[in-house]
Every structure is written in structure tokens, then in C-alpha cells.
Number of protein chains: 2
Amino acid sequence: MHKPTIEDVAKLAKVSTATVSRVINKQGGVKSSKEQRILEVIEELAYIPNAVARSMVRKITNTIGVIIPDINNPFFPLVVSGIEQQARKKGYFTILCNTNESPEIEEELIQILLERSVDGLIITTANEYGHQLQPVIDRRIPVVAVDRQIRNYEVDTVLVGNMDGAYQATRHLILQGHKKIAIIRGPQNTTPGYERFVGYRRALEDYNIPLLDEYVLEGDFKEESGYLDTQKLHSLQDRPTAIFTANNLMTLGCLKALTKIGWVLGEEVSLIGFDDLDVAEFVNPQLTVVSRPMRQLGEAAFDLLYEKMTHQGEWTKRHYVLSPKIKIRQSCVLRPSKTME
Amino acid sequence: MHKPTIEDVAKLAKVSTATVSRVINKQGGVKSSKEQRILEVIEELAYIPNAVARSMVRKITNTIGVIIPDINNPFFPLVVSGIEQQARKKGYFTILCNTNESPEIEEELIQILLERSVDGLIITTANEYGHQLQPVIDRRIPVVAVDRQIRNYEVDTVLVGNMDGAYQATRHLILQGHKKIAIIRGPQNTTPGYERFVGYRRALEDYNIPLLDEYVLEGDFKEESGYLDTQKLHSLQDRPTAIFTANNLMTLGCLKALTKIGWVLGEEVSLIGFDDLDVAEFVNPQLTVVSRPMRQLGEAAFDLLYEKMTHQGEWTKRHYVLSPKIKIRQSCVLRPSKTME
DNA sequence: TATAAAAATGTAAACGTTTAGATCATCTCG
DNA sequence: CGAGATGATCTAAACGTTTACATTTTTATA
């Protein structure tokens, strides 16, 4: 009933635990007749080495923590998938944690991950100031930030060009002839929220289009807020002819609102979204979006982390910026009819 | 530079490690003046207890393993979300693993999870025969199967009424007047694949509609296969007037194929899908689906597991079957025009 | 065949906690 | 005031590995 230990194996094979350990870890230097015998005994007892005990002495766990803010946003499972795959290749396991955008939960989770002695941490933080990372930094545990930067600490970061993408999106609308371009932006205390807004603003500036306050609405990156903000835009006296939604979920909310209130996409209003979504190809006209390489984002994050975990080397802050691509479909075409006046 | 241990705390607070341990674990029986002092020292040294060492002696890790076959299927993040939330409430952590539908990877992962001494396992297996679970069973580690059953072992299972849902879906089509009803079913060696097909078959039987081989196509639950099978159905001499797709991804593929080949949804062909998806509300007409309570599925799974992990009690195999709900939208209305002859 | 060198194996400490049982301190009550 | 009882604290073993170092065995060489 008690799990067999390395000692049980050793006894039965008539060798010392050290020798058994050596064959388990494939370190060589064991006579092959003995090795055979040991392998047989392991099989016979269905012995499985205890990683907890191993971690105890080696002081590494081969486990990384991954903290994301919203598992229901399809963006994150994709980056997690990239992380996980890359991690497993190198023999690492992933503990996945979801903060639900709560800085308090995030702090708690970090604490617990530290208790578990994770070898590294990949995080999309719910609080970019980053004080919650202090204990992680103190313990010299490698961290990589994904999608959202950490302000007050030097941590490696991998993200896509938010400004770039937003700029492209906005410019695309402008080049289609739009002048009244609204944005449903994200929270301004987050990197993506802020940078995407900046991209929008710059594009307007560059093309000499005034930025109107009433065209700048702020959501929380969740569906509901996209929905509500769209309604607000529709109730404006001077409605915009185009909307730029700053993330996938808000785009979804926006789309739902459009059909709900009968604001005709592609006729009365153009729309471009940040991040692709399944739905994009199914609305009519199909939705133009800025799309990001999520899986790659995850892979890059782990690669960076891995380097830090192995070469405990340089502690320079590195930034990895992947490029977004605009996927032009049909939702931004300006129909001459009523959109321009 | 070296992480502070309980001993460092003990020394500095001038007490024994036992006392420190007691305050860390809030076991009481420590004079409050001493407790204060110890707490201060912990703060001062930024001491964090080492869960690895604790697990070593307590022989529990407060960690569960979750194995899913496809992280890119939006179904799973939702159930994982349910599991995770429930788990955290009880102080458990979740190691998430993705097999990519590979039984080999699954076996490997199980081995590693055992090495890590997880306290329990929740699994949607890629191989329902379940031999890969032998070592888990041997070690008396609680297991709960989600969404797919385990054939050869007595493990608790939580799923939704696959047959029920498929029956409802098919009947819905029949009651709309359809007689030529095709199914794009899943792999028949999986519970959902098989049961959903049975539901389809029973409904046909009950309403005296012959089951035609050419209307029964088999996919692999991934998007591509739904796409291809739809094309096959379209190329049939005697096309079906309705299609039942047995999971979300295949529904998506089917929809893409429909628009691609110009097979008009709701006019020439009706469609009902198993599992809801974002897209459903955005196609025209909106898609009728059988919807499952995924989050609840995850919650139920953890609750079951938790019971097993704590009361090491009864080892009867329990089945938890949640009910699917059909969400009627407009994609199944039979237009008199050409669909009936 | 003796001896040095190399290879194989063994011994035992260490990893950082928890916890049973021992010990010490304090309190209660006659 | 002293004997128990109760409460607080301590000591040390245990958890299952890895690994530095010591020891033994084998091999190579003269």
C-alpha cells in the first residue's frame, strides 16, 4: 500500500540507492548487468521517482508559473498553448493561474507560486506598476511579461506592436476616406490600452484629423463594455462613420450592439478591430482586423524565460516586439451613400 | 542571497522551528507575544515557506493535474476555468496539460504528473480504453473523467447528456419537416462521438426515417474535417436538407464551407450544431445549437474530485450527467421553396 | 603478478519542513 | 504551598531523493 521508494528498489536489486539514482537519471557509469537488473526491479515494483524529493535536494522544480488575467478571452489560451508546448519540449511543466484581472488575486497567486518554488514566471499582469513582483525579483526568479509591461522593474517583455497595429488600423480607416473615427479603447493604465490609443491618436495627427473627445470611449476589454460604448456612439448627435475597437472582446460586443440597434455595418458605419476573432469571417461584410501572432507570443515568452533560467547570466531588460498584421476584409469600405456628407 | 528558511526565522526570533511552523500554519497554542515577534521576523526576512519541503513530509501537494486534449477548442478553456476556480477556493493548484489528442503524450504526461505527486487528476482522455490510467489507479489517486468516459476502469465521470442533446437536435430538425438529415459525427471510439451519433440514430428511428450511409460522415472534431465533410455532402447527388454537426469546431468548418461553396444556410440547407459558439449569433440566419454548461462541468468535476481526495471513502463509480439545452435560433427553419420536393 | 589508474559502487549528509513525544512553565485549587 | 493539570515550547526523527566523497572492484601496464 505504501508507494515504493528508491530504497525499496535498491534493496530488491541488491545495490545502493546511489546506484539506482544513477540509472534513473541516466548518468552512466553503471555496469550494464546491474543496470538491467535495476530496470527490471523498477518495472516490477512499478516504481515512480518522487519529483518532490528530487526538487528538494536539487532546488529546482522544472515548473514554471503562468499568470493570465482572463482565461475566457480566447487570446490567452492561444498564448498559453504556445508557452506550454515550448515548455514541454524543454521538460518544464506549467502551472496555470487566472487572476480574473484582480491585482489582489494576482498578488496571492504570486505568493503561492513562490512557495511552490517555480523556476520561472510568465505573467500578463493585472497591475502594471508591478510592486506585486517585488518578492519574485528579490529571489532572483526569472520573469517574463507578456502583452503587458511592468513599469517599475526590469523584466523581459514580449509583446506585439500595439501602437503600430493601432496606427495601421486607424490609417486604414483614414485612407478609406473616413474622418469621423471613434475609438473604443481599453483601460489607460494598461500597456495595450494606452499604446493602442496612442497609435490611434498619432494616425489622426499625421493626417490632420482632429481628435474629438466624444469619439473616445473607454471600455474594460470585456464584451459588455464594447456593447455599451457602441450604443453610446450611436446615440451621438454627430455619429462617427467608423469605429476602432481596441480588443477582440470589445469588438464582439460592438458587433452585437450594431445588429441590435440596427446600425448597419459597412453601410452606415465601418469597423476595424484589434485582434482577430472567429466571428470576423462570418459577419457581413467580413470584418477587417489587426491580427497578432498569439502562439508565437507564447513561444517567444518561454524561450526568453528559458534563457534566463539556464544561463543565470545577464540581467539586461530585453524587449521582444512581434509585428501585428492587418487582415483586410470588407468592413471598412466607405459606401458613398450616406456615410460622407 | 540564500533563501531564508524556517531555521533562520527561528534563530532570529529565538524560538524553535517547531514554534515557527505552528504560527505559519496557524495552529494556535503559541503565546501571542512570541507569535508577534515571529511574524515580525518573517516580514523582516521576507521569508516564504517552502511548499516542496512541506509536501515532502505531509505527502500531499495540494496540486491537481488537468489533462485536456485540445486547448484550442474553446470548449476546454471554459471547463478548465470552472475547475480552476473551484480548485482555488479549496486551496488547490492546477497543472494544466494538453495532449493534442495524442495517447502517447497523454501517457507521458500521466507519468510526469505522478512523479509530481498530484493529489488528484481530472482528465478528458485521448484514449478511452484507459490503460494509461493503470498507474494512477494503482496508486489510489482519485481521478475524474470529464466529457469522455473511461471504459475499463471505475472512475467517476461527469458529462452532459450527449445522446439526449443529439436526440433533441435531430428531433428538432425532423419536427421542422426535414427528412434528409445528414450528420457529421465525431470519432466513434470516443464517448461524445459515439453517443451523439446514437442520439441521432434513435431520433431517426423514432420518427421512422431511414438512416442513410451516405448521410453519415465522420470527422475528427476539428475544424478542417467539418469543412471537408460539408463539401462531400454538397457533392452528393441527393443532397441532405439538413446537417447536424457533432461539435463546435466541425460546425465552424461546416459554416465556412457553406459560404465558400454557396450552399445557402437556412434556404437550401438547415444546420444545427452541438455546442454553442460565438459565431452562432452572427451568421444569417442565426445558428440553432445544442449548448452545454461547460463551466459547470468543470466545477462539478472538481467537486467530485475533491470529495474523493478528502474522504478517501467509497470507491463506487459515480456518474454526473448535466443536461444540455437546445438554443433555438433560426438556422433550422425549413423554407418551402426548394428544400422539400 | 604487482601496481597504478580507472571504473563502479557505496556511505552518509543534506535539502526545509512537520510533528510526535519530551520537557518546561504556568495555572488551579485544595 | 504543593500536586496536578494544562499550556507552551523544544528536540529530533522522518519524508525520498541527490551527490560529494570514500571505498571497492576491475582493468591496464609494466
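Keep in mind the model is a prediction, meaning the values are calculated, not measured. First the proteins, then the strands, lettered A, B, ... as listed; each starts at 1.
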Novice: Once you round it to whole Å, what is the distance between P of dT11(C) and NZ of Lys14(A)?
Specialist: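 Nearest whole value for this atom pair: 15 Å.
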Novice: Within the distance-only criterion (no hydrogens, no angle test), does the side chain of Asn152(B) pair as donor or acceptor with the backbone N or O of Tyr129(B) below 3.5 angstrom?
Specialist: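 Flag set: sc Asn152(B) to bb Tyr129(B) pair under 3.5 Å.
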Novice: Lys31(B) NZ to dT26(C) P: how many Å, rounded?
Specialist: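 These atoms are roughly 6 Å apart.
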Novice: Using atom CG of Leu45(A) as one end and atom P of dG16(D) as the other, report the distance to the nearest whole Å.
Specialist: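 These atoms are roughly 14 Å apart.
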Novice: Answer whether the closest heavy-atom distance between the side chains of Phe93(A) and Ile112(B) falls below 4.5 Å.
Specialist: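 Side chain of Phe93(A) against side chain of Ile112(B), heavy atoms only: contact under 4.5 Å found.
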Novice: If I take atom CZ in residue Arg22(A) and atom C1' in nucleotide dT17(D), what distance separates them, rounded to the nearest angstrom?
Specialist: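 Going from Arg22(A) (CZ) to dT17(D) (C1'), I get 13 Å.
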Novice: Heavy atoms under 4.0 Å, any strand shown: does Val15(B) hit a base, just sugar-phosphate, or nothing?
Specialist: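 Val15(B): backbone/sugar contact only, no base atoms under 4.0 Å.
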Novice: State whether Lys34(B) places a side-chain N or O below 4.0 Å from either non-bridging phosphate oxygen (OP1 or OP2) of dT9(D).
Specialist: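 Yes.
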Novice: Tell me if a side-chain donor or acceptor on Asn100(B) pairs with a main-chain N or O of Ser102(B) at a distance below 3.5 Å.
Specialist: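 Here the side-chain-to-backbone pair does not exist.
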Novice: Does dT11(C) have its OP1 or OP2 closer than 4.0 Å to a side-chain nitrogen or oxygen of Ser16(A)?
Specialist: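 The answer is no; no side-chain N or O of Ser16(A) sits under 4.0 Å from OP1 or OP2.
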Novice: Salt bridge or not for Asp147(B) and Arg292(B), using N-O below 4.0 Å?
Specialist: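 Arg292(B) and Asp147(B): salt-bridged.
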Novice: Does the side chain of Lys59(A) get closer than 4.0 angstrom to OP1 or OP2 of dT18(D) through an N or O atom?
Specialist: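 Result: no.
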Novice: If only side-chain N and O atoms of Gln27(B) are considered, is one of them under 4.0 Å from the OP1 or OP2 phosphate oxygen of dT18(C)?
Specialist: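 It does not, given that no N or O in the side chain of Gln27(B) lies less than 4.0 Å from OP1 or OP2 of dT18(C).
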Novice: Under 4.0 Å, heavy atoms only, any strand: does Val30(B) hit a base, just the sugar-phosphate, or nothing?
Specialist: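 Since only primed, P, OP1 and OP2 atoms lie under 4.0 Å of Val30(B), the category is sugar-phosphate.
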Novice: Is there a side-chain polar atom (N or O) of Arg54(A) under 4.0 Å from OP1 or OP2 of dC15(C)?
Specialist: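 Answer no for this pair, as no side-chain N or O of Arg54(A) is under 4.0 Å from OP1 or OP2.
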Novice: Looking at Arg318(B) and Glu307(B), is any side-chain nitrogen of the basic one under 4.0 Å from a carboxylate oxygen of the acidic one?
Specialist: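 Judged by the 4.0 Å cut-off on N to carboxylate O distance, Glu307(B) and Arg318(B) do form a salt bridge.
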Novice: Give a yes/no answer on whether the side chain of Asn25(A) brings an N or O atom under 4.0 Å of OP1 or OP2 in dT18(D).
Specialist: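 Checking Asn25(A) against dT18(D): at least one side-chain N or O falls below 4.0 Å of OP1 or OP2.
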Novice: I want to verify a distance call: between dC15(D), dT17(C), dT18(D), whose nearest atom is closest to the Arg58(A) side chain?
Specialist: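 Looking only at heavy atoms from C-beta outward on Arg58(A), the closest nucleotide is dT18(D).
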Novice: With the side chain of Thr19(B) defined as its heavy atoms from C-beta on, choose the nearest nucleotide among dG16(C), dT9(D), dT9(C).
Specialist: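 Of dG16(C), dT9(D), dT9(C), dT9(D) is nearest to the side chain of Thr19(B).
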Novice: Please state how far atom NZ in Lys26(A) lies from atom P in dT18(D), giving the value in whole angstrom units.
Specialist: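 Whole-Å distance recorded here is 12 Å.
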Novice: Any side-chain N or O of Lys3(B) less than 4.0 Å from the OP1 or OP2 oxygen of dC15(C)?
Specialist: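 Lys3(B) to dC15(C) OP1/OP2: no side-chain N or O under 4.0 Å.
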Novice: Asn62(A) CG to dT18(D) P: how many Å, rounded?
Specialist: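 So the two atoms are 12 Å apart, to the nearest Å.
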Novice: It should be established whether Ser21(A) places a side-chain nitrogen or oxygen under 4.0 Å from OP1 or OP2 of nucleotide dT18(D).
Specialist: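 For dT18(D), OP1 or OP2 has a side-chain N or O of Ser21(A) closer than 4.0 Å.
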Novice: What is the distance, rounded to the nearest whole Å, between atom CD1 of Ile6(B) and atom P of dC10(D)?
Specialist: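 My rounded result for the distance is 12 Å.
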Novice: Just compare dT18(C), dT11(D), dC15(C) and give me whichever is closest to any side-chain atom of Ala18(B).
Specialist: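 Output: dT11(D).
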Novice: Just the rounded figure in Å: distance from P of dT17(D) to CD1 of Ile38(A).
Specialist: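 In whole Å, dT17(D) P lies 14 Å from Ile38(A) CD1.
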Novice: Report the residue (Met56(B) or Thr17(B)) whose heavy-atom-nearest nucleotide on DNA chain D is the more 5′ of the two.
Specialist: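 The residue closer to the strand's 5' end, by nearest nucleotide, is Thr17(B).
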Novice: Would you check if the side chain of Glu128(A) reaches a backbone N or O of Arg151(A) as a donor-acceptor pair within less than 3.5 Å?
Specialist: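 Between the backbone of Arg151(A) and the side chain of Glu128(A) there is no qualifying donor-acceptor contact (under 3.5 Å).
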